[in-house]
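Everything on this sheet refers to the single structure shown next.
For the numbers below, each heavy atom of this structure counts, side chains included, while hydrogens, waters and symmetry mates do not. Computed from a prediction, not measured in an experiment: that's the story for all the values here. Every number for a ligand or one of its atoms is a count from 1 in the order of the listing.
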Amino acid sequence: MIPGPVRVPQRVLRAMSKPMISHRSSDFEKIYEECRSRLRELFETENEAVILSGSGTAGMEAAVGGIIGKDDKIITVTNGKFGERFTELGNRYGTAVLLEFPWGTPYDLERIEAALEEGAKAISIVHNETSVGIVNPAKEVGELARRHDAIFIVDGISSVGGNEFLTDEWGIDIAITGSQKCLALPPGLAMVTVSKRAAEMLEDGKGGYYTDLKAHLDKAKKNQTPYTPAVSLFFALQEALIMAEEEGLAERRARMARLAKGVREAASALDIDLFPQVNEHSAYSNTVTAMKTPEGITDGQLRGGMRERGVVVSGGQSALKGKIFRIGTMGACTEADVLRTIQTLELVLLKEGLISSLGAGVEAASRAMER
Ligand code: PLP
């Protein structure tokens with residue numbers, strides 16, 4: 001029950017065991033074409049979609065390296081761990097102007113606008129900040145980016161397919177997702193969509209070599225990749241995208257929303273505080289819920305106790321180590337998974353003397369997840 005990598009459905013695992021094919025064969029080209037077309041639906045975009053063999057960070061690097069040269073500035077908006085990664089990438093290729101908000105607190109749009117007024121070639125945000133369980137305002141930042149003519153780069157790695165994510169409507173020039181999150185594949189693929197405006201800024205030889213976005217876009221015209229891709233993962237992606245369509249993209253998001261609501265309501269029934277502070281420009285995530293570790297129990301007791309009983313949840317990252325724990329509700333996660341997780345949490349809280357009877361969390365989650 002961690003926020004990625006998540007459990008991979010049997011159908012996807014079986015797809016990965018198909019015999020190997022050449023990545024220069026027409027069979028591969030058909031798979032790549034189908035995946036690119038289905039990804040456009042998932043990202044709600046008419047933009048080009050490419051698939052890089054590499055984890056989500058490869059997609060982030062392709063985006064920043066493709067757009068930012070050594071004389072360029074990128075505003076990197078941060079309220080958690082993954083926003084910081086954009087800062088590091090920005091400084092690797094050019095200059096990052098870090099706009100930092102305390103982890104788990106909403107962006108201040110006025111500060112973002114003021115930073116854009118200073119001038120920057122691009123701005124990056126993390127839509128679903130996995131480290132703190134907050135959804136950031138892509139639509140609003142997209143409007144500001146457009147007004148100031150900045151390329152808008154959005155990390156949708158733990159968001160696309162789980163939260164509403166409207167690439168075209170929000171004016172996202174480069175959007176990124178990763179395979180091990182809402183699509184429920186193993187890790188190893190980064191899916192990236194690129195607007196015409198952003199594609200025109202890409203130049204040969206700029207940015208990384210393996211993550212050269214222009215090379216990927218050029219080759220994608222023939223439904224090929226520049227280098228040998230992780231072919232088995234492409235088989236898996238094809239199957240996962242078919243499964244997503246069978247469930248229905250809206251229904252799939254609604255399922256994850258229900259599950260996350262179940263976790264939040266259970267937390268409230270068990271007197272556990274949610275970590276992020278949300279306002280009218282932010283929201284709780286459908287895909288990961290971050291909660292404060294209650295007083296009277298350590299992170300080791302809480303997560304260790306759950307693990308001993310067969311349920312793995314995540315802890316906090318960096319300064320939040322030992323202070324929060326996080327439950328993922330992305331990918332193929334079900335109501336039964338959430339109920340088992342909450343029940344296990346209750347067992348641990350009971351053992352440590354934080355609650356005196358079982359059932360309140362499970363009941364609250366059950367009611368919240370009712371269809
Ligand atoms: N961005 C977000 C929001 C993430 O959740 C993650 C991974 O958890 C990453 C970036 C990094 O992706 P990866 O570990 O696939 O490189």
Side-chain angles (χ1 to χ4, degrees), residues 1-8 43 50-65 74 76-90 92 96 100-101 103-104 107 123-138 141 153-165 167 172 174-193 208 210-211 229-230 233 236-237 240 256 260 275-276 282-290 312-318 320-321 324-331 333:
M1 296 296 288
I2 68 171
V6 298
R7 190 180 61 234
V8 179
F43 279 84
V50 291
I51 304 168
L52 277 63
S53 296
S55 74
T57 305
M60 296 168 79
E61 177 148 21
V64 176
I74 176 169
T76 55
V77 190
T78 301
N79 59 356
K81 167 109 184 147
F82 295 104
E84 289 183 356
R85 191 159 300 179
F86 270 134
T87 309
E88 288 167 7
L89 284 165
R92 187 64 69 94
E100 194 172 16
F101 301 100
W103 283 30
Y107 292 171
I123 179 166
S124 68
I125 69 162
V126 176
H127 187 232
N128 186 90
E129 193 29 278
T130 322
S131 59
V132 294
I134 199 169
V135 176
N136 290 311
V141 180
I153 300 175
V154 180
D155 169 348
I157 289 173
S158 61
S159 195
V160 175
N163 296 311
E164 182 174 66
F165 194 96
T167 303
I172 301 173
I174 306 186
I176 305 134
T177 197
S179 51
Q180 75 276 27
K181 308 280 186 184
C182 300
L183 282 167
L185 302 175
L189 292 182
M191 281 68 76
V192 184
T193 68
Y210 199 76
T211 52
L233 287 174
L237 177 63
M256 294 183 220
F275 179 72
S282 53
Y284 292 116
S285 166
N286 289 348
T287 64
V288 53
T289 301
V312 182
V313 300
S314 285
Q317 292 167 286
S318 302
L320 291 177
K321 266 204 178 93
I324 66 166
F325 66 107
R326 295 172 298 143
I327 294 179
T329 45
M330 55 181 74
C333 190

Looking at Val160, Thr193, Ile125, which one forms a side-chain contact (heavy atoms from CB on, under 4.5 Å) with Val154?
Ile125
Among all residues two or more places apart in sequence or in another chain, which pass the salt bridge (Lys or Arg N to Asp or Glu O under 4.0 Å) test with Arg92?
none
Anything with a heavy atom under 4.0 Å from ligand 1 counts, so go ahead and list those protein residues by chain and number.
Ser55, Gly56, Thr57, Met60, Phe82, Arg85, Val126, Asn128, Thr130, Asp155, Ile157, Ser158, Gln180, Lys181
Would you please name every residue forming a side chain to side chain donor-acceptor pair (under 3.5 Å) with Ser285, sequence neighbours left out?
Asn128, Thr287
Taking only residues two or more places apart in sequence, or in another chain, which ones meet Tyr107 in a ring-ring contact (aromatic ring centres under 6.0 Å, His included)?
Phe101
Side chain to side chain, Val132 and Leu320, heavy atoms closer than 4.5 Å:
yes
Nearest-0.5 Å distance, CD1 of residue Ile157 to NE2 of residue His127
13.5 Å
